[in-house]
Asker: 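Let me begin by handing over the structure; questions about it come next.
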Amino acid sequence: MLQEAIITKIRDDGLAEVVVERLGICGGDCNGCNECKYEHLMKSVVQNPIGAQRGQHVMIETPTKGVVKGALAIYVLPLVTLILGYLIAAALSLGESACIIAAFAAAVLGIVIAMVISRARHSADPTPSKIVSIIED
């Protein structure tokens, strides 16, 4: 996934701090819907292998595979565990209340597992995004 960014700071460890304009579902052409009015800028730390400098407009690349895996872990895993929790409780012939409690307990377990996966991925590669080119004005 490629995005335009502006470098705000060059760090001593070879990384760069950038600001990316986050485009919502509307693609950034909101025409006054005000849904993303205040949350449209996102700060991030990226690798700077090409030696770009502060103030330059750059193109950054984030591995799409990592974004998809992260979304699956955070959004889909808790939902799947919620459904499995309910189905297992129902298969054990528990009452409706017990099935609902089991479903929510399983969803909480799914959230905890997603957090563990997310932290493990972050410690393995804390800055997966990198600057791939400088955009000439």
Side-chain angles (χ1 to χ4, degrees):
M1 179 170 72
L2 293 172
Q3 291 179 298
E4 262 185 61
I6 298 173
I7 299 177
T8 57
K9 182 179 179 182
I10 301 295
R11 297 181 6 176
D12 293 334
D13 56 3
L15 300 175
E17 294 179 16
V18 298
V19 174
V20 179
E21 186 171 1
R22 185 184 330 179
L23 300 176
I25 294 172
C26 61
D29 186 21
C30 299
N31 291 326
C33 74
N34 293 325
E35 286 299 317
C36 54
K37 180 177 179 181
Y38 301 105
E39 298 291 328
H40 70 285
L41 294 179
M42 181 177 71
K43 294 180 182 178
S44 184
V45 176
V46 298
Q47 297 173 22
N48 187 10
I50 63 172
Q53 298 299 313
R54 184 176 183 266
Q56 288 184 310
H57 290 254
V58 294
M59 191 65 71
I60 61 171
E61 180 180 40
T62 304
T64 305
K65 182 178 175 183
V67 173
V68 171
K69 282 183 178 179
L72 285 174
I74 291 171
Y75 296 112
V76 177
L77 183 61
L79 182 62
V80 168
T81 56
L82 179 127
I83 294 168
L84 283 175
Y86 186 89
L87 293 175
I88 290 170
L92 295 173
S93 299
L94 299 177
E96 188 68 24
S97 297
C99 289
I100 292 171
I101 290 169
F104 281 107
V108 169
L109 177 64
I111 291 169
V112 170
I113 292 169
M115 289 172 57
V116 169
I117 291 170
S118 177
R119 287 187 179 150
R121 290 184 66 233
H122 178 74
S123 36
D125 190 6
T127 53
S129 300
K130 66 180 176 181
I131 298 172
V132 292
S133 64
I134 298 171
I135 299 171
E136 299 296 329
D137 289 329

Asker: Same cluster or not: V132 versus I135, using hydrophobic residues (I, L, V, M, F, W, Y) connected whenever any side-chain heavy atoms lie under 4.5 Å apart?
Answerer: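 Same cluster.
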
Asker: Do T81 and L109 come within less than 4.5 Å of each other through their side chains, counting heavy atoms only?
Answerer: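 They are not in contact (no side-chain heavy atoms under 4.5 Å apart), so the answer is no.
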
Asker: Mind listing the closest non-hydrogen atom pair of A73 and P78 along with its distance?
Answerer: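 The answer is O-CD, 3.5 Å.
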
Asker: Are any non-hydrogen side-chain atoms of E4 and M59 less than 4.5 angstrom apart?
Answerer: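 With C-beta onward as the side chain, the pair touches.
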
Asker: Looking at every non-hydrogen atom in both residues, tell me the closest pair between L94 and C99 and how far apart they are.
Answerer: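 So the two residues come closest at O-SG, 3.6 Å.
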
Asker: Would you mind reporting whether I7 and I131 have side-chain heavy atoms less than 4.5 Å apart?
Answerer: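 Yes, at least one pair of side-chain atoms sits under 4.5 Å.
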
Asker: Can you name the closest pair of heavy atoms from A98 and A89 and give their distance?
Answerer: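 Looking at all heavy atoms of both residues, the closest pair is O-CB, 4.4 Å.
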
Asker: Closest approach of A106 and G85, non-hydrogen atoms and distance?
Answerer: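 Closest approach of A106 to G85, heavy atoms only: CB-CA, 3.7 Å.
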
Asker: Answer yes if I117 and I111 sit in the same cluster of Ile, Leu, Val, Met, Phe, Trp and Tyr residues linked by side chain heavy atoms under 4.5 Å apart, and no otherwise.
Answerer: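 Looking at the clustering, I111 is in a separate group from I117.
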
Asker: May I have the step-by-step check of side-chain contact (heavy atoms from CB on, under 4.5 Å) for Q47 and L15, ending in yes or no?
Answerer: CA-CA 5 Å; Q47 297 173 22; L15 300 175; 4.1 Å; yes

Asker: Out of curiosity, does V116 fall in the hydrophobic cluster containing L72 (side-chain heavy atoms, cut-off under 4.5 Å, transitive links)?
Answerer: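 They do not share one cluster, since no chain of ILVMFWY contacts under 4.5 Å joins L72 to V116.
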
Asker: Please determine whether residues Y75 and F104 belong to a single hydrophobic cluster, defined as Ile, Leu, Val, Met, Phe, Trp and Tyr linked transitively by side-chain heavy-atom distances below 4.5 Å.
Answerer: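 No, it is not one cluster - the side chains of Y75 and F104 are not joined through contacts under 4.5 Å.
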
Asker: Within this structure, what is the CG-CG distance for the pair L77 and L82, rounded to the nearest 0.5 Å?
Answerer: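 Rounded to the nearest 0.5 Å, the CG-CG separation comes out at 11.0 Å.
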
Asker: Atom CD in Q56, atom CG in N48: separation rounded to 0.5 Å?
Answerer: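 Here the rounded value is 9.0 Å.
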
Asker: Can you tell me how far apart CD1 (I83) and CD1 (I88) are? Round to the nearest 0.5 Å.
Answerer: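 Reported to 0.5 Å precision, the distance equals 12.0 Å.
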
Asker: Do L84 and V76 sit in the same hydrophobic cluster, where Ile, Leu, Val, Met, Phe, Trp and Tyr count as joined when their side-chain heavy atoms come under 4.5 Å apart?
Answerer: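 Shared cluster, yes.
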
Asker: Compare every heavy atom of E17 with every heavy atom of V45, then report the nearest pair and how far apart it is.
Answerer: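 Closest heavy-atom pair between V45 and E17: CG2-CG, 4.1 Å.
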
Asker: From I60 CD1 over to S133 OG, what is the distance, rounded to the nearest 0.5 angstrom?
Answerer: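 The OG atom of S133 is 10.5 Å from CD1 of I60, to the nearest 0.5 Å.
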
Asker: Determine whether a donor-acceptor pair (N or O, by modelled atom type, separation under 3.5 Å) exists between the side chain of S129 and the backbone of V46.
Answerer: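 No, the answer is negative, given that no donor and acceptor are paired below the 3.5 Å cut-off.
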
Asker: At what distance, to the nearest 0.5 angstrom, does NZ of K9 lie from CZ of R11?
Answerer: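 Going from the NZ atom of K9 to the CZ atom of R11 covers 7.5 Å.
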
Asker: Of all the heavy-atom pairs spanning G55 and I6, show the shortest one and how long it is.
Answerer: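 Scanning both residues, the minimum pair turns out to be O-CG2, 4.1 Å.
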
Asker: Working to the nearest 0.5 Å, report the span between NZ of K69 and CD1 of I74.
Answerer: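 K69 atom NZ to I74 atom CD1 measures 14.0 Å (nearest 0.5 Å).
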
